[in-house]
Amino acid sequence: MVAERAGVSTATVSLVANGKTRGRVSEDNISRVRQAISELGYVVDGIGSSLAKGVSSIVILVAPDISNPFFAKVIAGVRESLGASYQLLLSVTDAGEFPQAEDVRKLMALRPAGLLVDAPNAGFLDELSAAGPLVLLDAPGLEGYAASVNLDVAHGARELAAHLADSGHTRAAYIDSVTGTATFDVRRNAFLEEARARGISVPPDCTMSTTIDVGAAAEAFARAWPEWQRSGVTAVVCGTDTHAYGVLQEARVAGVRIPQELAVAGFDDLPYSATSNPGLTSVHLPGMPLGRKAGQQLRALMEGLELEEPHVTLDSSLVVRGSTG
């Protein structure tokens, strides 16, 4: 229909629609085809093109629990590194839920050029069995499955335990994410191990898990705090800054002085952590560099290149602010 209206061949329409006119289509024909495309509302059939070529320009990013603001930085880094040549498609879950391999496999019918999986666990990767270019993000211990870009969250967790011990704390509580991904296991286990080695007790009844949500964390802390306080808890460590914001919010409501009566810390170092009152002590995790490097690795694989360094680990660091004194 476009070719008929513009008075050209279908091949000419294809060249114009796909941006391949240089040296092959006259300016007059380009103008007529574009006008016909506009009048008819024509768009290229991306799925049809991907079937013809065997692959599309789509990159799928699978992320658990998009409610975590940290992922916004990761996505920005991925988008920057992929550039305009690829379209980024997000496959995300509801708060507290982990992606299902079956759902991702359905998206593979789009013939994506590559796949990025953020914070997976082994069970998901075993069930997924994805072919084609694949890069894992923040997937400690899962390097055997694919190329990966990880965060050294354990280092920051140990630094946090040492900081609290040096500040005189001997009994702490821990609020975790219910998502159940490997990265949360690593940060929790590293903190608990270092805390124990430095004389900080974190009893089982002083640990809990919630969705990554300020309100959910606030409610959980409000229920637990009276008993935690009676048992001598003087510090609460949270698996994310979002959890910590909920603790700070509820502590203000309850009249708990931060950090005089209770120290609070988190992971991620989100932008608001520097401006909250008091500022939140947090383990800095470089979200945008994580996404950027993963995108670079995937792009190299999609272009048929061999990775010089298939497994990359980015540093974490503790940022001490007023919430821990």
Output the distance between atom CE (M1) and atom CD (E4), rounded to the nearest 0.5 Å. 8.0 Å

Using side-chain heavy atoms (C-beta onward) and a distance below 4.5 Å, is D268 in contact with H243? no

Partner set under salt bridge (charged side-chain N to carboxylate O under 4.0 Å, His left out) for E39, not counting sequence neighbours: R5

All heavy atoms of A190 vs all of A157, minimum pair found to be CB-CB, 3.8 Å

Sequence neighbours excluded, the answer for side chain to side chain donor-acceptor pair (under 3.5 Å) partners of T207 is none

Go through the structure and list residues passing ring pair (Phe, Tyr, Trp, His ring centres under 6.0 Å) with W228, not counting sequence neighbours. none

Is there a side-chain contact between V59 and L61 (heavy atoms, below 4.5 Å)? no

Do F221 and V264 make a side-chain contact, defined as non-hydrogen atoms from C-beta onward lying under 4.5 Å apart? no

Residue pair L164 / V237, side-chain heavy-atom distance below 4.5 Å: yes

Mind checking whether V312 and V153 sit in one hydrophobic cluster, side chains of I, L, V, M, F, W, Y counted as touching below 4.5 Å? yes

Quick one: pull up OH in Y245 and CD1 in I212 and give me the separation to the nearest 0.5 Å. 12.5 Å

Tell me whether the count of non-hydrogen atoms from other residues, nucleotides or ligands lying under 6.0 Å of CD in E261 goes above 12. yes

Could you check whether S316 and H155, counting side-chain N and O atoms only, form a donor-acceptor pair closer than 3.5 Å? no

For residues 216-245, pull every pair meeting salt bridge (Lys or Arg N to Asp or Glu O under 4.0 Å), keeping only residues two or more places apart or in separate chains. E227-R230

Listed partners of N277 passing side chain to side chain donor-acceptor pair (under 3.5 Å), at least two apart: none

Show the nearest heavy-atom pair for residues L248 and S276, with the distance to one decimal. CD1-OG, 4.5 Å

Taking atom CE of M108 as the centre, does the number of heavy atoms from other residues, nucleotides or ligands within less than 6.0 Å exceed 12? yes

Quick one: CG on N150 to OG1 on T183, what's the gap to the nearest 0.5 Å? 8.5 Å

Not counting sequence neighbours, which residues clear side-chain contact (heavy atoms from CB on, under 4.5 Å) with P286? List them please. L151, H284, P289, L314

Please report the interatomic distance CD1(I58) to CZ(R111), rounded to the nearest 0.5 Å. 12.0 Å

Verify the cluster assignment for V214 and W225: are they in a single hydrophobic cluster under the rule of side-chain heavy atoms below 4.5 Å apart? yes

Trace of the side-chain contact (heavy atoms from CB on, under 4.5 Å) decision for Q296 with R299: CA-CA 5 Å; Q296 291 170 352; R299 185 159 188 164; 5.8 Å; no

Name all pairs fulfilling the salt bridge (Lys or Arg N to Asp or Glu O under 4.0 Å) condition that reach into residues 76-86, sequence neighbours left out, sorted by first residue then second. E80-R292

Any T240 side-chain heavy atom under 4.5 Å of F184 side chain: yes

By side chain to side chain donor-acceptor pair (under 3.5 Å), D118 pairs with (sequence neighbours left out) none

State which residues pass ring pair (Phe, Tyr, Trp, His ring centres under 6.0 Å) with F191; sequence neighbours excluded, sorted by chain then number. Y174

Of Q297, E143, H311, the residue whose pairing with S148 passes side chain to side chain donor-acceptor pair (under 3.5 Å): H311

H163 and T324: side chain donor to acceptor below 3.5 Å: yes

Pair S38, R34: side-chain N/O donor-acceptor within cut-off below 3.5 Å: no

Trace of the side-chain contact (heavy atoms from CB on, under 4.5 Å) decision for M302 with L82: CA-CA 11 Å; M302 292 187 299; L82 290 179; 4.2 Å; yes

Just wondering, more than 12 heavy atoms not from Q229 lying within 6.0 Å of its CD? yes

Qualifying residue, where the test is side chain to side chain contact (heavy atoms under 4.5 Å, CB included) with V74 and the options are L285, D138, L137: L137

Which pair of non-hydrogen atoms, one from G246 and one from A217, has the smallest distance, and what is that distance? CA-CB, 4.3 Å

side-chain contact (heavy atoms from CB on, under 4.5 Å), that's the test. Do L128 and L115 meet it? Break it down for me. CA-CA 11 Å; L128 181 62; L115 182 64; 3.8 Å; yes

Give a yes or no on whether the backbone of S231 and the side-chain of R171 come within a donor-acceptor separation of less than 3.5 Å. yes

Side chain to side chain, P278 and S323, heavy atoms closer than 4.5 Å: yes

Q260 atom CD, over 12 foreign heavy atoms within 6.0 Å: yes

Would S177 and T179 count as having a side-chain donor-acceptor pair, cut-off 3.5 Å? yes

Salt bridge flag under 4.0 Å for residues D269 and R321: yes

Residues which pass side-chain contact (heavy atoms from CB on, under 4.5 Å) with D28, listed by chain and number, not counting sequence neighbours: S26, R32

Compare every heavy atom of H169 with every heavy atom of A235, then report the nearest pair and how far apart it is. CB-ND1, 3.9 Å

Exercise: identify the closest heavy-atom pair between G239 and R187: O-NH1, 2.9 Å

Result of checking V117, L116, L107 against I60 for side chain to side chain contact (heavy atoms under 4.5 Å, CB included): L107

Pairs flagged by salt bridge (Lys or Arg N to Asp or Glu O under 4.0 Å) wherever residues 8-21 is involved - sequence neighbours left out: none

Shared ILVMFWY cluster between V104 and L134, side chains joined below 4.5 angstrom? yes

Any heavy-atom pair between the side chains of K293 and S81 that's under 4.5 Å? no

Just how far is it from atom CG of L160 to atom CD of E194, taken to the nearest 0.5 Å? 10.5 Å

Kindly write out the residues that satisfy side chain to side chain donor-acceptor pair (under 3.5 Å) with D185, not counting sequence neighbours, or none if the list is empty. R188

hydrophobic_cluster_shared for M288 and V283, side chain cutoff 4.5 Å: no

Distance check, rounded to the nearest 0.5 Å: D152 atom CG versus T313 atom OG1? 7.0 Å

Does Y145 form a side-chain contact (heavy atoms from CB on, under 4.5 Å) with D126? I'd like the steps, not just the answer. CA-CA 9 Å; Y145 287 88; D126 285 334; 2.8 Å; yes

Should T170 and I200 count as side-chain neighbours, where that means a heavy-atom distance under 4.5 Å? no

Considering non-hydrogen atoms only, spot the tightest contact between S57 and S85 and give its length. CB-O, 3.6 Å

Are the side chain of E127 and the backbone N or O of A101 linked by a donor-acceptor pair below 3.5 Å? no

